[in-house]
Amino acid sequence: MLRVDGLTRRFGDHLALDDVTFDVVPGRMTGFVGANGAGKTTTMRIILGVLGASAGTVHWKGAPLTPDVRQDFGYMPEERGLYPKMKIRDQLVFFGRLHGLDQNRAAERTDKILERLGLGERATDVLETLSLGNQQRVQIAAALVHEPIALVLDEPFSGLDPLAVDAMVDLLREEVTPEVPVLFSSHQLDLVERLCDDLVVLSRGKVVAAGAVSDLASGPTTTYRLVVDGDAGWLRDVRGIRVRDVAGGTALFDVEDGVGEQEILRQAISRGPVREFGPERVALSDVFREATR
Ligand SMILES: Nc1ncnc2c1ncn2[C@@H]1O[C@H](COP(=O)(O)OP(=O)(O)OP(=O)(O)O)[C@@H](O)[C@H]1O
C-alpha cells in the first residue's frame with residue numbers, strides 16, 4: 001500500500017499542503033480531486049520525489065519510500081515531459097531502459113503498449129507530429145512501459161475525447177494488477193465517479209473527504225424524494241421535516257432526527273396515490289461541493 005502520511009509543504013508563507021494523510025490501496029483506482037490550487041500536483045510531486053516535503057513521509061508497504069523503490073513507480077507529470085523530436089518507439093524503449101528494463105524487454109513492452117493504444121503504425125513517427133490526444137497516449141505509455149509497481153497520474157485524461165478516455169481506461173485496467181495502487185487526479189467528476197474505487201478530496205491543502213466512492217456518493221442520507229398525484233405542498237406544514245423543494249406533486253425534503261420517514265409516507269398515502277418515495281442518492285458533485293466549500 002502507498003501511504004501519504006502527514007505531508008506538509010510551504011512555499012514561503014503559503015501553506016500549500018497541511019498535514020495531508022491518505023492511503024492508495026493496491027488494485028484500486030484512487031481519484032484525487034480538488035479545486036485549482038488545492039495541492040494535488042504538489043502532493044504527487046512529493047510522492048515521486050520531484051519535490052521535497054516540509055514535513056511528513058511517503059510510505060510504501062509500511063516503510064519510508066526509497067529512491068530505489070520509487071524507480072519502479074510510473075508517473076505521468078502535469079507538465080508531461082516527453083521529447084518532442086524523438087520517435088515514439090525509441091522514446092518509450094528509452095524510458096523502459098531508464099526504469100531498469102533490458103533492451104529486449106523494453107522493446108517488447110513498447111510494441112505491446114503501442115499496439116494496444118492503436119499507435120503501432122506510428123511507432124517511427126516523431127512525437128510532435130502526433131495529435132495532442134495521441135501524444136497523451138504516448139505519455140501514458142511512458143508511465144506504463146516498465147510494468148510499474150504503483151502509478152501516479154496527474155490529470156491523465158484532460159483534453160481527451162470520450163473514446164480516447166475509454167481506450168486509456170481499458171489499458172489501465174488491463175495493466176494494473178491487484179498489487180498496483182493507482183492515484184490519479186482529475187477535474188472531471190463524472191469520470192472520477194465512473195472510474196474510481198476510492199476518492200480523496202483536497203481543499204486548500206487539506207484532505208476534507210476520503211473513502212470508497214460508493215460510500216461517499218450514496219452515504220447515509222436524510223433526504224427523501226416523494227412523488228404524488230396532486231400537489232405536495234402540504235409537506236411544508238408537517239413537523240419534523242425540512243422541505244428543500246416542491247414542484248407540483250414532486251417534493252424533496254430532509255427528515256430530522258427521530259422522525260420516521262415511514263410516517264411521512266403514511267400521511268402521503270392517506271392523501272392519495274403515491275408514485276415514488278425513497279432516499280435521494282447524493283451525487284458525487286454534491287459531495288465535492290460540500291467538501292470544498
Ligand atoms: N513552486 C511553487 N512555488 C510557489 N507556490 C507554489 C509552487 N507550486 C505550487 N505552488 C502553490 O501551491 C498551491 C498548490 O498548487 P498545486 O499545483 O499543487 O495545486 P493543484 O491542486 O494541483 O492545482 P491544479 O488543479 O490547478 O493543477 C497553489 O496555491 C500554488 O500556487
Side-chain angles (χ1 to χ4, degrees), residues 2-24 29-59 65 67 70 73-82 132-133 135-137 139-140 142-143 148 150-162 164-165 168-169 172 181-211 213 216-217 283-293:
L2 178 67
R3 162 163 284 187
V4 167
D5 193 6
L7 283 192
T8 296
R9 170 71 206 208
R10 285 190 187 78
F11 292 107
D13 289 343
H14 178 60
L15 188 58
L17 296 183
D18 184 4
D19 197 16
V20 168
T21 297
F22 61 86
D23 292 334
V24 189
M29 303 260 273
T30 298
F32 198 24
V33 298
N36 287 336
K40 304 177 297 292
T41 297
T42 302
T43 306
M44 291 178 149
R45 285 186 176 146
I46 293 173
I47 295 174
L48 266 299
V50 180
L51 191 70
S54 307
T57 329
V58 180
H59 284 99
L65 181 57
R70 202 182 261 137
F73 278 24
Y75 178 37
M76 184 167 172
E78 185 185 41
E79 64 280 9
R80 306 313 184 212
L82 297 177
L132 285 180
Q135 290 191 29
Q136 197 138 329
R137 289 177 194 208
Q139 189 77 56
I140 196 124
L151 266 179
V152 177
L153 311 169
D154 202 347
E155 292 281 351
F157 305 111
S158 71
L160 290 181
D161 64 49
V165 168
M168 214 186 255
V169 169
L172 276 178
V182 182
L183 179 69
F184 77 90
S185 64
S186 181
H187 282 103
Q188 294 150 276
L189 283 181
D190 54 331
L191 208 62
V192 170
E193 184 156 26
R194 188 153 65 84
L195 301 184
C196 286
D197 306 299
D198 296 327
L199 189 68
V200 176
V201 186
L202 205 61
S203 174
R204 296 189 198 99
K206 283 177 184 282
V207 174
V208 287
V213 170
L216 286 173
L284 198 58
S285 52
D286 292 339
V287 174
F288 181 73
R289 208 172 299 121
E290 192 70 22
T292 56
R293 230 177 10 189

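Counting begins at 1 with the first residue of the sequence. Nothing here was measured: the structure is a model prediction, and the numbers come from that model. Numbering of ligands and ligand atoms starts at 1, following listing order.
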Notebook entry, point to check: Does the side chain to side chain donor-acceptor pair (under 3.5 Å) test come out yes or no for D154 and S185, once each step is laid out?
Noted result: CA-CA 5 Å; D154 202 347; S185 64; 2.7 Å; yes

Next item on the list: Before giving the answer on side-chain contact (heavy atoms from CB on, under 4.5 Å), spell out for I47 and V24 the whole-Å C-alpha distance, their side-chain angles and the decisive distance to 0.1 Å.
Entry: CA-CA 12 Å; I47 295 174; V24 189; 5.9 Å; no

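Closest to atom 28 (C) of ligand 1 among all protein heavy atoms lies G37 O, 3.7 Å. Of the protein's non-hydrogen atoms, N36 OD1, 3.2 Å is the one closest to atom 26 (O) of ligand 1. At the shortest separation from atom 17 (O) of ligand 1 among protein heavy atoms lies T41 CB, 3.7 Å. Looking from atom 19 (O) of ligand 1 to the surrounding protein, the closest heavy atom is G39 N, 3.1 Å. For atom 6 (C) of ligand 1, the closest non-hydrogen atom on the protein side is F11 CD1, 3.3 Å.
Against a heavy-atom cut-off of under 4.0 Å, T42 is close to the following atoms of ligand 1: 9 (C), 14 (C), 15 (O), 16 (P), 18 (O). For ligand 1, the atoms lying closer than 4.0 Å to a non-hydrogen atom of A16 are 12 (O), 13 (C).
The shortest non-hydrogen separation linking G6 to D19 is CA-OD1, 3.1 Å. Between E78 and R45, the closest heavy-atom pair is OE1-NH2, 4.1 Å.
Counting heavy atoms from C-beta on, the side chains of L82 and Q135 never come closer than 4.5 Å.
By the definition of a contact as any protein heavy atom under 4.0 Å away, atom 31 (O) of ligand 1 is not in contact.
The shortest N or O to N or O distance between A38 and ligand 1 is under 3.5 Å. Annotation: T43 places no N or O atom under 3.5 Å from an N or O atom of ligand 1; distance criterion only. Note: no N/O pair closer than 3.5 Å links E155 and ligand 1 by distance alone.
In summary, of the residues considered (T42, V20, V208), a side-chain contact (heavy atoms from CB on, under 4.5 Å) with L202 occurs for V20 alone.
With K40, E78, H14 as candidates, the residue nearest to atom 25 (O) of ligand 1 on a non-hydrogen basis is K40.
In this structure, G34 falls outside the shell of residues with a heavy atom less than 4.0 angstrom from ligand 1. For H187, the heavy-atom gap to ligand 1 drops under 4.0 angstrom.
Between F157 and F184, the ring planes lie perpendicular to each other; the angle is over 60°, past the 30° to 60° tilted range.
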